[in-house]
Structures are given as structure tokens and as C-alpha cells.
Amino acid sequence: MSGERSGQALRIATWNVNSVTARLPRLNEWLELVEPDVLCLQETKTARFPSDHAEALGYEIAHHGDGRWNGVAILSRVGLEDVSLGFAEQPGYAPEDDETLLAVPKVEARAVGATCGGLRIWSLYVPNGRSLDSPHFPYKLDWLDRFRDVVAGEPRPLVVTGDFNIAPTDDDVWDIKAFRGSTHVTPDERARLSALLELGLTDVVPRPMKYDKPFTYYDYRAGMFHKNMGMRIDLVYASTGITVQDAWIDRDARKGTGPSDHCPVVVDLEL
DNA sequence: ATGTCGTGGACGCCACGA
């Protein structure tokens with residue numbers, strides 16, 4: 001499944017776990033099975049990362065989480081330095097339906113950066129956008145605009161990875177016709193991906209492992225996984241100069257008891 | 001595709017987000 005990596009390779013991965021607390025048994029067994037050097041997590045959904053097992057396996061952990069929603073982390077066994085919890089000018093979100101309080105934007109726990117074994121890496125949980133007419137949609141676009149400015153100033157080699165909540169092309173959803181009028185596929189969102197590519201990043205498209213499309217997310221409902229009705233929204237953007245040995249999606253992590261609705265994406269690279 | 005999860009507050013269900 002995972003193939004062989006050369007001695008110089010750095011194995012990085014990204015995984016939206018949909019609660020690290022609920023996923024802890026799956027996460028712990030996965031760390032021992034796949035042995036990533038650096039693992040970026042999204043939607044930890046907790047203020048306190050359950051770190052005991054990962055630390056026993058030799059990982060250092062940078063976690064940015066503040067409770068029930070969001071939460072991102074970087075686990076590294078090749079060093080963890082210069083941790084950034086969020087980023088400069090990161091926009092907040094003000095709930096529009098709160099008439100009792102001043103609408104103070106809340107900066108959410110959606111980004112963490114660190115330097116691991118000579119690689120600068122960011123774990124992102126990009127705002128979902130909800131619907132085209134929701135205030136969350138311009139928030140999503142603004143958030144990505146501001147993060148672009150961060151990428152422009154970051155050192156190389158650089159990897160920006162996580163749950164982008166954007167399908168880069170029409171082929172990255174099971175049926176583009178089902179997405180008419182929806183978020184995740186609009187030109188506005190894809191323009192933000194293009195803006196990252198223009199800064200010298202490359203979309204590392206993983207091998208699909210099964211079927212023809214490398215989907216990373218399947219809704220829990222309606223048997224979407226078994227019908228292969230998924231989306232590629234968990235992305236790995238690597239700076240030019242990084243050599244990719246292999247990139248694959250771990251569909252097995254979406255099977256069995258108590259899976260996340262997202263699959264991990266694993267990339268073996270040389271800096 | 002709308003069939004399921006996860007969280008936490010006030011519970012043995014509901015609201016919310018995805």
C-alpha cells in the first residue's frame with residue numbers, strides 16, 4: 001500500500017480527522033502503520049490535544065485549538081520549530097445572526113505553521129463557505145487572500161497542506177453537475193488556488209489507489225464512500241524544487257469502524 | 001447525495017456544522 005521510501009525521503013501527510021478525540025484509536029494505529037515524519041491534522045475539535053500516544057512514538061506536537069469547532073495540528077518526529085498559531089492579518093468571522101452582542105469577529109483556529117526537518121509547513125482548515133449567499137463565503141475568500149500574503153513571505157522549501165474546501169478542477173468532484181450553485185467549485189475559490197500556484201507552489205496530485213479519481217472526502221450520508229461519490233479537497237501544495245517520490249490517498253483509513261469522513265493524503269518527498 | 005457523524009448544552013434530545 002504505502003510503498004518503499006528512500007533513505008532521504010521525508011514522509012508528510014495531511015488528514016482531516018473530524019475530532020481527534022473521537023478518532024484517537026484510528027489515529028494511533030495509523031501513526032504506527034504509516035509512520036509519517038510530519039502529519040498535519042485538521043478539525044481536531046478540542047482545546048487539549050490527546051498527545052500521550054503520539055509523544056510516546058516520538059512526535060512533537062503543535063496544536064492550535066480552542067474547543068468545539070475547527071482546530072489544527074502538526075505532529076513531527078523530525079523537529080518542530082518556529083511554530084505559528086494562526087497568521088498575521090488572519091480574518092475573523094462575526095456571526096451575522098447575533099443581535100444581542102456587538103459583532104466582534106472571532107479569529108478561528110484554522111492555521112498552524114512550523115519548521116520540521118528543514119521544511120516549512122502549514123496545516124490549514126480553510127473556511128467551508130457554507131453557501132454562495134452566506135457571509136461565510138466572502139469570509140472564505142478573504143481568508144485565502146490573506147493567507148496568500150503569508151505564503152509570499154515564507155521561506156522555501158515550503159508545503160501548504162490541509163483541508164482547502166475547494167476542488168481544484170471539475171474532475172475533482174464525482175459529478176460537477178451536482179455542484180451547480182454550490183461552493184467548493186466556483187471560479188472565485190479556484191482563483192485563490194491559482195494565486196498560490198503563482199507563488200511557486202505545485203498541486204501534488206496523489207494516486208487514487210482505486211477507481212480513477214483521487215478523492216479525499218466522502219460525506220458520511222447516503223453511502224457516498226461506497227458509491228465513490230467523493231471530492232478532492234484535501235490538498236498538498238509543495239514549493240518548486242521539492243522532489244515528490246510518491247503521493248497517495250489512504251482509502252483504508254476511510255473504511256471500518258469509526259472512520260473520519262476524510263482520507264489521509266501521504267506524500268514522500270525530497271527537499 | 002441529503003440515508004451520518006461529532007460536539008456540547010441541558011440531557012436522555014436537540015441545535016448546529018459539515
Side-chain angles (χ1 to χ4, degrees), chain A residues 14-28 30 40-50 63-73 91-101 103 105-111 123-141 143-144 162-167 170-186 189 211 213 215-235 251-265:
Chain A
T14 185
W15 193 8
N16 179 323
V17 287
N18 186 20
S19 167
V20 70
T21 307
R23 217 64 56 212
L24 198 58
R26 297 293 299 252
L27 172 63
N28 286 339
W30 193 85
C40 294
L41 299 177
Q42 301 85 36
E43 286 206 83
T44 59
K45 291 187 172 178
T46 184
R48 181 178 298 230
F49 194 98
H63 179 232
H64 185 30
D66 58 12
R68 181 178 188 180
W69 306 116
N70 313 308
V72 285
Y93 178 71
E96 76 282 3
D97 55 354
D98 191 337
E99 298 173 359
T100 62
L101 298 170
K106 175 175 168 49
V107 177
E108 300 173 307
R110 293 181 176 275
S123 176
L124 302 185
Y125 178 47
V126 175
N128 177 287
R130 300 186 185 177
S131 63
L132 298 183
D133 59 357
S134 165
H136 240 253
F137 189 68
Y139 167 54
K140 179 181 194 174
L141 300 179
W143 198 96
L144 287 161
D163 179 355
F164 281 70
N165 273 311
I166 304 171
D170 289 356
D171 283 335
D172 290 314
V173 297
W174 76 89
D175 179 5
I176 191 61
K177 295 188 294 296
F179 284 79
R180 199 166 291 263
S182 298
T183 61
H184 291 59
V185 298
T186 65
E189 290 162 292
Y211 305 110
K213 294 183 178 180
F215 296 147
T216 65
Y217 162 80
Y218 302 86
D219 198 293
Y220 284 124
R221 293 169 286 189
M224 300 285 271
F225 179 65
H226 299 288
K227 298 180 202 168
N228 196 36
M229 297 168 74
M231 307 169 70
R232 184 171 76 94
I233 56 177
D234 299 272
L235 309 178
R251 292 185 82 256
D252 290 341
R254 184 62 180 78
K255 303 173 183 173
T257 305
S260 171
D261 43 1
H262 294 252
C263 307
V265 180

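Residue numbers begin at 1 in each chain, while the letters A, B, ... track the order of the sequences.
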*In terms of the nearest nucleotide of DNA chain B, which residue is placed more toward the 5' end: A/Ser182 or A/Thr44?*
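Residue closer to the 5' terminus by nearest nucleotide: A/Ser182.
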*How do A/Thr46 and A/Met229 order along DNA chain B: which one's closest nucleotide is nearer the 5' end?*
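So the residue in question is A/Met229.
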Rounded to whole angstroms, how far apart are [atom1] on [X] and [atom2] on [N]?
{"X": "A/Arg48", "N": "B/dT7", "atom1": "CZ", "atom2": "C1'", "result": "18 Å"}
{"X": "A/Arg26", "N": "B/dC5", "atom1": "CZ", "atom2": "P", "result": "12 Å"}
{"X": "A/Tyr218", "N": "B/dC5", "atom1": "OH", "atom2": "C1'", "result": "18 Å"}
{"X": "A/Met231", "N": "B/dT2", "atom1": "CE", "atom2": "C1'", "result": "14 Å"}
{"X": "A/Phe225", "N": "B/dC5", "atom1": "CZ", "atom2": "P", "result": "13 Å"}
{"X": "A/Asn16", "N": "B/dG6", "atom1": "CG", "atom2": "C1'", "result": "11 Å"}

Taking the [atom1] atom in each of [N] and [M], what is the distance between them to the nearest angstrom?
{"N": "B/dG6", "M": "B/dA10", "atom1": "P", "answer": "22 Å"}
{"N": "B/dC16", "M": "B/dC11", "atom1": "P", "answer": "15 Å"}
{"N": "B/dC14", "M": "B/dA1", "atom1": "C1'", "answer": "24 Å"}
{"N": "B/dA15", "M": "B/dT2", "atom1": "P", "answer": "22 Å"}
{"N": "B/dT7", "M": "B/dG12", "atom1": "C1'", "answer": "16 Å"}
{"N": "B/dG8", "M": "B/dG3", "atom1": "C1'", "answer": "25 Å"}

*Got A/Phe49 and A/Leu41 here, is their nearest side-chain heavy-atom distance under 4.5 Å?*
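Counting from C-beta outward, A/Phe49 and A/Leu41 do come under 4.5 Å.
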_Does either side chain, that of A/Lys45 or that of A/Asn18, offer a donor lying less than 3.5 Å from an acceptor on the other one?_
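Present: a donor and an acceptor within the cut-off.
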_Is a donor from one side chain sitting under 3.5 angstrom from an acceptor on the other, for A/Gln42 and A/Asp163?_
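Side chains of A/Gln42 and A/Asp163: no pair found under 3.5 Å.
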*Hey, can you tell me if A/Phe179 and A/Trp174 have their rings parallel, tilted or perpendicular (30° and 60° cut-offs)?*
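A/Phe179 vs A/Trp174 ring planes: perpendicular.
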*asked:* Assess the residue pair A/Tyr93 and A/His136 against the criterion (ring pair (Phe, Tyr, Trp, His ring centres under 6.0 Å)); give the C-alpha distance rounded to whole Å, side-chain angles, the decisive distance to 0.1 Å, and a yes or no.
replied: CA-CA 8 Å; A/Tyr93 178 71; A/His136 240 253; 4.1 Å; yes
_Presence of salt bridge, A/Asp66 and A/Lys106, under 4.0 angstrom_ =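 A salt bridge links A/Lys106 with A/Asp66.
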*Face-on cation placement of A/Arg232 at A/Phe215 ring, 6.0 Å and 45° thresholds*: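 Judged by the rule, A/Arg232 and A/Phe215 form no cation-pi pair.
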*Taking protein heavy atoms under 4.0 Å as touching, what does nucleotides 11-18 of chain B look like 5' to 3' if B marks base contact, S marks sugar-phosphate-only contact and - marks none?*
----BBSB
